[in-house]
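As structure tokens, the structure follows; a few thoughts come after it.
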Number of protein chains: 2
Amino acid sequence: MGLQPHSAGCRAREILDRVGDKWSLQVIALLGERTKRFTELKREIDGISQRMLTVTLRGLERDGIVTRTVYPVMPPRVDYSLTPLGATLMDAANALVSWAESHLDQIDAARADYDARLAETDALKRTS
Amino acid sequence: MGLQPHSAGCRAREILDRVGDKWSLQVIALLGERTKRFTELKREIDGISQRMLTVTLRGLERDGIVTRTVYPVMPPRVDYSLTPLGATLMDAANALVSWAESHLDQIDAARADYDARLAETDALKRTS
DNA sequence: CGGGATCCCGTAGGATACTG
DNA sequence: CAGTATCCTACGGGATCCCG
């Protein structure tokens, strides 16, 4: 189970192909709170275009992660919510988010360190 | 903690920016087995170009997730291995991989269902 | 309001050739 | 062996306009 040699690559790929894009996890997170409308999501996700919100929601709906409910009224009203499957996905994603919250500072430190060493190396090259 | 409303979006983004790319998780998975050489990784990761393996490894090294050890011999020899930080990331990623293993069939089913309904709807349109 | 249709661009990433 | 250097293309995704 888990990150195994042979199967891991492809399985990990498959899931990242679905939720590894720019917006899916944010949509899932917000729908995890409660059912929301299109405009509500758009307002809460900073920087998303309506096109990408539509595309993202369609993809999640197709994968059975969110449900889409259309009310035939004027003006139109569409509700989105997480399916049970979507809820389990959100739980799994939490592990990564938690990891991020507790280790991102270490990554930032490692980066700064790496960049500093690199700059130093480059400086030596220019001297020679 | 976890996938929370406001912080979730950005935190989730930050981690996906680092491991959400096409190859990082596979590299991490393989280095989780043991220390490996460049060519070894290239041989085991199907479809990766040497350019992308280099780029991926550099990024992971910069983020403190893998270490790079160069032996000054001819021909060159470079070993890569997971850092402790990288090991914790691998553990976290396992949650997603496990989820994938147990739910990907549900997603495939949902997709087939969605596509079938869509084709049906389109057929009706063409009739009218 | 909740999209669909177009146009457009930046960039991730593949193929290939060269090097210490 | 383990890269680096170019070149080039596919596609994710933004901006804009239109429509029921």
Side-chain angles (χ1 to χ4, degrees), chain A residues 9 12-13 16-27 30-31 35-63 66-81 114 118 121-122 124-125 128, chain B residues 9 12-14 16-27 30-31 35-63 66-81 114 118 121-122 124-126 128:
Chain A
R13 260 295 87 228
L16 283 178
D17 284 343
R18 293 164 212 270
V19 302
D21 62 278
K22 197 171 180 182
W23 306 109
S24 288
L25 274 192
Q26 294 194 54
V27 170
L30 287 169
L31 291 183
T35 296
K36 297 194 176 182
R37 300 181 55 173
F38 185 90
T39 313
E40 210 173 344
L41 288 170
K42 176 152 172 43
R43 194 182 336 113
E44 292 179 348
I45 302 178
D46 190 65
I48 197 171
S49 64
Q50 74 246 68
R51 184 184 113 84
M52 283 318 297
L53 181 52
T54 302
V55 169
T56 302
L57 286 168
R58 283 293 181 283
L60 294 175
E61 184 197 1
R62 186 165 107 102
D63 290 348
V66 312
T67 59
R68 178 169 181 266
T69 311
V70 183
Y71 298 93
V73 296
M74 260 310 275
R77 165 178 183 154
V78 181
D79 280 2
Y80 291 93
S81 58
Y114 183 93
L118 194 68
T121 303
D122 285 355
L124 285 176
K125 278 187 183 174
S128 66
Chain B
R13 262 294 87 227
E14 287 185 82
L16 283 178
D17 285 342
R18 292 162 214 267
V19 302
D21 63 276
K22 197 170 179 180
W23 307 108
S24 288
L25 274 191
Q26 295 194 55
V27 170
L30 287 169
L31 291 183
T35 295
K36 298 194 176 182
R37 300 180 56 172
F38 186 89
T39 312
E40 210 172 344
L41 288 170
K42 176 152 170 44
R43 194 183 336 112
E44 292 178 348
I45 303 179
D46 189 65
I48 196 171
S49 63
Q50 74 248 65
R51 185 184 112 85
M52 282 318 296
L53 181 53
T54 302
V55 169
T56 301
L57 285 168
R58 284 291 182 285
L60 292 174
E61 185 197 1
R62 185 166 108 102
D63 290 348
V66 312
T67 59
R68 178 170 182 266
T69 312
V70 183
Y71 300 92
V73 295
M74 257 314 270
R77 166 177 183 152
V78 181
D79 281 2
Y80 291 93
S81 58
Y114 182 93
L118 195 67
T121 304
D122 286 355
L124 286 176
K125 277 187 183 174
R126 255 174 273 116
S128 66

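Throughout, protein chains are lettered first and strands after them, A, B, ... in sequence-line order, and every chain is numbered starting at 1.
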- Item | Rounded distance (Å) that lies between atom C1' of dT11(C) and atom NZ of K22(A) | 12 Å

- Query: Can you name the residues that form a side-chain hydrogen bond (donor to acceptor under 3.5 Å, both in side chains) with R77(A), not counting sequence neighbours?
  - Reply: D79(A)

- Query: Under a 4.0 Å heavy-atom cut-off, which of residues 47-56 of chain A touch DNA chain C?
  - Reply: Q50(A), R51(A), T54(A)

- What one should report as the nearest heavy-atom pair of R37(B) and P76(B) is NH2-O, 3.7 Å

- Task: With sequence neighbours left out, write down each residue that passes side-chain contact (heavy atoms from CB on, under 4.5 Å) with R43(B), or none if nothing qualifies.
- Result: E40(B)

- Message: Classify K42(B) by what it touches in the nucleic acid, base, sugar-phosphate, or nothing, heavy-atom distance under 4.0 Å.
- Response: nothing

- note: L16(A), atom CG; dG13(C), atom C1'; distance rounded to Å ~ 16 Å

- N/O donor-acceptor pair under 3.5 Å between K42(B) side chain and I48(B) backbone: yes

- Note on the structure: Sorted by chain and number, sequence neighbours left out, side-chain hydrogen bond (donor to acceptor under 3.5 Å, both in side chains) with T56(A) holds for none

- Closest non-hydrogen contact found for V27(B) with L57(B) is CG1-CD2, 3.8 Å

- Please work out if Y71(B) contacts a base, only the sugar-phosphate, or nothing of the nucleic acid, heavy-atom cut-off 4.0 Å. nothing

- Query: If you take all heavy atoms of Q50(B) and F38(B), which pair is closest and at what distance?
  - Reply: O-CZ, 3.8 Å

- Query: Which nucleotide span of DNA chain D, 5' end to 3' end, has atoms closer than 4.0 Å to non-hydrogen atoms of chain B?
  - Reply: dC1(D) to dT6(D)

- Item | d(CG, D21(B); C1', dA12(C)) in whole Å | 9 Å

- In whole angstrom, what separates L41(A)'s CG from dG3(C)'s C1'? 14 Å

- Note on the structure: Applying side-chain contact (heavy atoms from CB on, under 4.5 Å) to T39(B) and not counting sequence neighbours gives none

